[in-house]
Amino acid sequence: QVQLVQSGGGSVQTGGSLRLSCATSGLTSDTKCMTWFRQPPGKKRERVARIVTGFSGSTYDDYADSVKGRFTASLDVAKNIMYLQMDSLKPEDTAMYYCAVRYGGCTANPDGFDLWGQGTQVTVES
């Protein structure tokens with residue numbers, strides 16, 4: 001049984017930092033798209049970062065323009081934990097954040113994922 005369990009998040013002042021974690025278990029494929037989405041209040045869920053893993057253990061990551069240079073996604077393969085380090089946070093980063101995993105190729109469409117964490121709230125105060 002696949003589980004994605006999130007931790008971290010909370011409330012922080014503008015310019016502050018937070019780290020989100022997504023502990024995974026039960027994943028079976030070497031080729032995965034591991035993604036962080038967020039959903040601001042009243043808005044659609046959007047992808048902010050992804051880590052793509054390949055057969056050889058290789059990974060690459062990329063980011064939405066709105067978070068590039070401020071957020072860093074990483075993967076601890078030994079612990080099966082995905083992280084999202086968020087620095088220089090802005091009020092517009094306020095959202096519910098979700099980790100999600102998809103076997104095979106990536107998509108930015110959240111409807112393409114069926115493995116989700118429970119979500120964690122991030123609030124950035126001005």
Side-chain angles (χ1 to χ4, degrees):
Q1 181 181 1
V2 175
Q3 285 191 311
L4 280 63
V5 179
Q6 294 182 228
S7 59
S11 183
V12 67
Q13 295 290 321
T14 297
S17 298
L18 288 171
R19 189 176 80 160
L20 307 182
S21 299
C22 177
T24 71
S25 60
L27 295 174
T28 59
S29 174
D30 289 333
T31 304
K32 297 183 288 291
C33 181
M34 307 182 76
T35 303
W36 288 99
F37 287 89
R38 70 183 180 187
Q39 188 164 15
K43 296 185 178 180
K44 293 181 179 179
R45 199 167 294 189
E46 61 180 3
R47 184 176 71 185
V48 295
R50 62 174 177 169
I51 300 175
V52 181
T53 67
F55 286 113
S56 62
S58 62
T59 64
Y60 72 85
D61 54 285
D62 64 20
Y63 304 88
D65 288 343
S66 59
V67 306
K68 200 170 294 184
R70 301 187 297 120
F71 288 14
T72 304
S74 61
L75 177 63
D76 185 326
V77 176
K79 296 182 179 179
N80 294 317
I81 300 176
M82 180 169 64
Y83 299 99
L84 185 67
Q85 177 68 40
M86 304 182 293
D87 299 317
S88 302
L89 282 161
K90 305 175 181 179
E92 51 264 43
D93 295 319
T94 295
M96 184 70 78
Y97 284 72
Y98 299 88
C99 60
V101 177
R102 185 175 187 272
Y103 293 126
C106 271
T107 175
N109 185 349
D111 292 337
F113 291 77
D114 54 11
L115 302 173
W116 290 89
Q118 80 275 20
T120 186
Q121 178 67 37
V122 170
T123 301
V124 185
E125 300 174 355
S126 57

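Keep in mind that this is a model prediction, so the values were computed, not measured. When a residue number appears, it is its place in the shown sequence, counting from 1.
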Closest approach of [X] to [Y] (non-hydrogen atoms, all atoms of both residues):
{"X": "G119", "Y": "Q6", "value": "N-OE1, 2.9 Å"}
{"X": "V124", "Y": "T94", "value": "N-OG1, 2.9 Å"}
{"X": "P40", "Y": "E46", "value": "CG-OE2, 4.4 Å"}

Residue pair [X] / [Y], side-chain heavy-atom distance below 4.5 Å:
{"X": "T14", "Y": "P91", "value": "yes"}
{"X": "T24", "Y": "C22", "value": "yes"}
{"X": "L20", "Y": "M86", "value": "yes"}

(message) Please enumerate all residues that pass salt bridge (Lys or Arg N to Asp or Glu O under 4.0 Å) together with R50, with sequence neighbours excluded.
(response)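 Listed in chain order: D62.
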Quick one: salt bridge (Lys or Arg N to Asp or Glu O under 4.0 Å) partners of D76, sequence neighbours excluded?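 For D76 there are no salt bridge (Lys or Arg N to Asp or Glu O under 4.0 Å) partners, ignoring immediate neighbours.
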Test side-chain hydrogen bond (donor to acceptor under 3.5 Å, both in side chains) applied to T123 - qualifying residues, sequence neighbours left out: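 So T123 forms a side-chain hydrogen bond (donor to acceptor under 3.5 Å, both in side chains) with Q121.
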- Message: So, using side-chain hydrogen bond (donor to acceptor under 3.5 Å, both in side chains) as the criterion, who are the partners of S126 when residues are at least two apart?
- Response: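 Counting only residues at least two positions away or on another chain, S126 forms no side-chain hydrogen bond (donor to acceptor under 3.5 Å, both in side chains).
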ring-ring contact (aromatic ring centres under 6.0 Å, His included) contacts touching residues 14-50 (sequence neighbours left out)
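Sorted pair list: F37-F113, F37-W116.
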Can you tell me how far [atom2] of [Y] sits from [atom1] of [X], rounded to the nearest 0.5 angstrom?
{"X": "D61", "Y": "L84", "atom1": "CG", "atom2": "CG", "result": "10.5 Å"}
{"X": "C33", "Y": "R47", "atom1": "SG", "atom2": "CZ", "result": "6.5 Å"}
{"X": "Q85", "Y": "S21", "atom1": "CD", "atom2": "OG", "result": "9.5 Å"}
{"X": "Q39", "Y": "M96", "atom1": "CD", "atom2": "CE", "result": "8.5 Å"}

Is there a path of hydrophobic side-chain contacts, each under 4.5 Å between heavy atoms, that joins L75 and V2?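 In one cluster with L75: V2, yes.
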**Item:** Y98-V122 co-clustered via ILVMFWY side chain contacts under 4.5 Å
**Value:**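 Y98 does not cluster with V122.
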- Message: Taking G26's backbone N and O only, do any of them form a donor-acceptor pair with Q3's side chain (distance below 3.5 Å, no angle check)?
- Response: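 Not a single qualifying donor-acceptor pair exists.
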Point to revise | Donor-acceptor contact present, side-chain Y103 to main-chain T28, <3.5 Å | key: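 Side chain of Y103 to backbone of T28, a donor-acceptor pair under 3.5 Å: yes, one is there.
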Among residues two or more places apart or on two chains, list those pairs meeting salt bridge (Lys or Arg N to Asp or Glu O under 4.0 Å) that have a residue in residues 111-126.
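As it turns out, there is no salt bridge (Lys or Arg N to Asp or Glu O under 4.0 Å) pair with a partner in residues 111-126 once direct neighbours are skipped.
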Please list all pairs passing the salt bridge (Lys or Arg N to Asp or Glu O under 4.0 Å) test where one or both residues lie in residues 80-94, with sequence neighbours left out.
->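 Residue pairs passing salt bridge (Lys or Arg N to Asp or Glu O under 4.0 Å), neighbours aside: R38-D93, R70-D93.
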inquiry  = Could you list the cluster mates of V52? Members are the ILVMFWY residues connected by side-chain heavy atoms closer than 4.5 Å, either directly or through other members.
reply    =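 So far as hydrophobic clustering goes, V52 is joined with Y60.
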### Whichever hydrophobic residues join I81 through chains of side-chain contacts under 4.5 Å
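Besides I81, the cluster holds Y83.
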Item to complete: Output all residues satisfying side-chain contact (heavy atoms from CB on, under 4.5 Å) with V101, sequence neighbours left out; order by chain, then residue number.
Response: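 side-chain contact (heavy atoms from CB on, under 4.5 Å) list for V101, sorted by chain: L4, L27, K32, M34, L115.
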